[in-house]
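Working notes for the structure below.
The chains referred to below are lettered A, B, ... by the order of the sequence lines, with proteins before strands, and numbering in each begins at 1. All values below come from the heavy atoms of this structure, side chains included, with hydrogens, waters and symmetry mates left out.
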Amino acid sequence: MIIMQILRSYVEPVLGNALSKIGIKDDSWKSMLTPSREHSQGDLSLPCFPFAKILGKNPVAIAEEIASSIEKTTEIGEISSAAGYLNFKANPKWLVSELLSNKIRIGDAFGGKPCTGRKVLIEHTSANPNGPFHVGRARNAILGDTLVRLHRLLGNEVRAEYYVDDMGKQVAVLAWALENLSENQIKEILRDSNEISPKWKNKADHTRVRWYQAAQKLRQDETESAQIELDIAKLVHDSENGNHKVLEKFNNAFHPVLEGMLTTLKRLGIEFDEFTKESMFVTNGDVEKLMKALSELDIHGVADNGAEYLDLGSRGLKGKTEFYFKRGDGSSLYATRDIAYHIWKWSQCDELINVLGEDHKLQARQVGLTLKELGHKVPEVLFYSFIKLPEGKMSTRKGNVVFMDDLLEEAKEHAEQIVRQLRNEYNEDQVSEIAEAVGSSAIRFNIIKVSPDKGFTFRWEEALAFEAGSAPFIMYSSTRARSIAKRCAELGLDVELICQKGILFDDITDELPDSLIDLLRCMAIQNDVLLRSVEQSRPNLFANQILNLATCFNGFYRDCKIIESGEVNEMYLQISQLASGFLKSGMEGLGITPLERM
RNA sequence: GGGCGUGUAGCAUAGCUGGAUAAUGCAUCGGCCUCCUAAGCCGAAGAUCGCGGGUUCAAAUCCUGCUGCGCCCGCCA
């Protein structure tokens, strides 16, 4: 149930009537009737400037004329004009009764329906399993998981996928190193690098990455590299030809690393429904079939050594237009396998979304154009810009990197300090539980709240700021609401029963505090914002909504005492509980852990 | 060199399907805990929305040129 759309459905007929009376007959004004920019003026506004020319009148006068010709209704509480704008304000009493009517399923943009019937497949993260997450790589996982959660909140059936790169050079390097280098050799090769943190010496993503790094270093070393390159090339070649023994070796090499990486993500509330291995499309023949199909396209071309490509220039690609899908030796490339993967994904969903770093833009374009060429739909892609450090680009090699595991620990410790300071009555288990939730939620929110296409500079002070504008701020509002409900229950009230009662329009007082009305309006648009956030794949829009909701709740909390000298105001309690529910579902949508107390 | 993205108070950001006085947090200054959790609330101050042109009744928002920054332009992944 989308309240503001309901309001619109009441406004449009009366407004259309009024407009046709003064000579505006067509419907073009409908797109001009938009949510008010100036929040204090109304909920829906119509700028009357375009009518000025048509009617030969001053827009201010037109707005006034229309305003005075429309009668208030139960739903429309106020029609006013200001500076050429015609403003409609929802009747607060109507908002209260509508919101408390239990017709709205919290967090569900489509009212009573449990499901939209849409199957959405979201592929995100898919990081090469060769080392621990740093905050840069984690932006993908956090954005992707938030998108997954928001789609679920909307009622879509979602599958979260991790595409595992289990073949090719990167894994080959890791596998080679694990087989050929001893622990002592690693120590020697990496003697100039940072030591592994003792905290993570049992976490395979942190330990095995050293083998990977050592191998990378050796490969650059002139004297050693030739034979290593040959060895690795053979492994790569075998894996690409679907050699089971080699693929198993690769699997044994990266699997513990992937497990370690997933442990980190789990701590951030991120989980996957399915892992799909890249090698599957080689071993099941899909890639072979695909390359054959591509060879038969009009835009297909062959290089001197037999390598094959598509010339996408005629399909709108600029710059270098050749898109190679087959090497001279006949083997496939990463992008080719990715296309096979996409065709497979399309066979099991209605909507396909990929979360990719901005460095993949060209590649994604090539994949998209090729899919189109083959008669498939093009997936939607959420691109994000990279996270950098104040010192510059994040680079494991240069040691200029912040590991997600360290950030999580640091955030938790910081939160623990604050909890101990603020609530010395909590025991250590409580402190730890709260701190863990606060820490990981804050990290997530810090990243979600900024627009994906914006570059992001990671700063410790910001990641560890738990004030207004952060996840803990939202969590705090939510615990306030819960604490009130608990108090009411302690006073012997059946809170749930009271909330089910709703409230009759005529039983609502005419004088409602502004902050209460603000909270109502904020709740009224929540599902609209959710829908927009999902449609545009912009989690930051919804993050902002929940921040506003928390702020509005705090205002309501200030002005509307629910319990006053032992007496409970039932309407306030119902509104508080509704807000509590909106906060909770919103937090779940963002991956913020709701707490009972903090 | 070409393509894509980005530039908004001291800092970090929101707004960019054109519309009213450009919103929020941090930092700065001032006020609020005998009152449902002060991780909070209220107030003050702070912006030539990168620069120049254009379209429009109306531009932070659309178009165009310039400029700073980022990413990409492998028969790598």
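- The CG atom of L578(A) sits 11.0 Å away from the CG atom of L573(A) when rounded to the nearest 0.5 Å.
- Counting only heavy atoms from C-beta on, F466(A) has its side chain closest to A39(B) among A20(B), A38(B), A39(B).
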Go through Y309(A) and F323(A) one step at a time and tell me if the ring pair (Phe, Tyr, Trp, His ring centres under 6.0 Å) criterion holds. CA-CA 5 Å; Y309(A) 60 89; F323(A) 166 52; 9.8 Å; no
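- Nucleic acid contact class of K53(A) (heavy atoms, under 4.0 Å, all strands): sugar-phosphate only.
- Cation-pi geometry between R480(A) and Y557(A) is satisfied (NZ or CZ under 6.0 Å from the ring centre, within 45° of the ring normal).
- Straight-line distance between the C1' atoms of U13(B) and U17(B): roughly 22 Å, to the nearest whole Å.
- Of the options D165(A), N251(A), D166(A), a side-chain hydrogen bond (donor to acceptor under 3.5 Å, both in side chains) to K277(A) is made by N251(A) and by none of the others.
- Remark: the N305(A) side chain and the C75(B) base include a donor-acceptor N/O pair separated by less than 3.5 Å.
- Within the nucleic acid shown, L362(A) comes within 4.0 Å of sugar-phosphate atoms alone, with no base atom in reach, counting heavy atoms only.
- Taking the O4'-C1'-N9-C4 or O4'-C1'-N1-C2 dihedral as appropriate, C33(B) has a value within 90° of 0 and is therefore syn.
- Two rings, from F466(A) and H414(A), have their centers less than 6.0 Å apart.
- In the set A39(B), C36(B), C75(B), C36(B) carries the atom at the smallest distance from any side-chain atom of I484(A).
- Using a 4.0 Å heavy-atom distance criterion, R37(A) is classed as a base contact.
- Defined by atom type and a distance below 3.5 Å, a donor-acceptor pair is present between the side-chain atoms of E161(A) and T276(A).
- Residue contacts for E240(A): at a heavy-atom cut-off of 4.0 Å it reaches the sugar-phosphate backbone alone, with no base atom in range.
- Taking 4.0 angstrom as the limit, K449(A) places none of its side-chain polar atoms (N or O) nearer than this to OP1 or OP2 of G25(B).
- If you take atom P in C71(B) and the same atom in C16(B), they sit 27 Å apart, rounded to whole Å.
- Only the C1' atoms considered, G50(B) is 29 Å distant from A44(B), to the nearest whole Å.
- If you check C57(B), A77(B), A20(B) against the side chain of E278(A), the one that comes closest is A77(B).
- Here the side chain of E467(A) is nearest to one of G40(B), C71(B), G15(B), namely G40(B).
- Taking atom C1' in both A60(B) and U6(B), the straight-line distance is 14 Å, to the nearest Å.
- With hydrogens and angles ignored, no donor-acceptor pair under 3.5 angstrom links the side chain of D338(A) to the base of A77(B).
- The side chain of V450(A) approaches A14(B) more closely than any other nucleotide in the set A77(B), C41(B), A14(B).
- Of the C1' atoms belonging to C62(B) and U56(B), the separation is 10 Å, rounded to the nearest Å.
- Among the heavy atoms of the strands, none lies under 4.0 Å from L317(A).
- Contact of S451(A) with A14(B) (side chain to base): no donor-acceptor pair of N or O atoms is detected under 3.5 Å.
- For I562(A), taking side-chain heavy atoms from C-beta onward, the closest of the listed nucleotides A77(B), C71(B), C36(B) is C36(B).
- Nucleotides U48(B) and A59(B), compared at atom C1', are 15 Å apart to the nearest Å.
- Between V568(A) and I562(A) there is a side-chain heavy-atom pair separated by less than 4.5 Å.
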Treating primed atoms plus P, OP1 and OP2 as sugar-phosphate and everything else as base, which nucleotides of nucleotides 3-11 of chain B get B, S or - for protein heavy atoms under 4.0 Å? -SSSS----
Can you give me the dot-bracket string for RNA chain B, 5' to 3', counting Watson-Crick and G-U wobble pairs with both distances under 3.5 Å, using [ ] for crossing pairs and | for partners on another strand? (((((((..((((.....[...)))).(((((.......))))).....(((((..]....))))))))))))....
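- As judged by a 4.0 angstrom heavy-atom cut-off over every strand, A335(A) is placed among residues making no nucleic acid contact.
- Going from the P atom of G2(B) to that of G25(B) covers 43 Å, rounded to whole Å.
- When the C1' atom is compared between U64(B) and A47(B), the two are found 25 Å apart, to the nearest whole Å.
- R8(A) and Q5(A) form no side-chain donor-acceptor contact under 3.5 Å, judged by distance and modelled atom types alone.
- Salt bridge annotation for R337(A)-E240(A): present, with a cationic side-chain nitrogen under 4.0 angstrom from a carboxylate oxygen.
- Rounding to the nearest 0.5 angstrom, the gap separating the CZ atom in F250(A) from the OG atom in S239(A) is 4.5 Å.
- At the phosphate of C42(B), OP1 or OP2 sits under 4.0 Å from a side-chain N or O atom of R558(A).
- Base engagement by C560(A) is indicated by at least one non-hydrogen atom pair under 4.0 Å involving a base atom.
- Judged by the 6.0 Å distance and 45° axis criteria, K57(A) is not positioned over the aromatic ring of F51(A).
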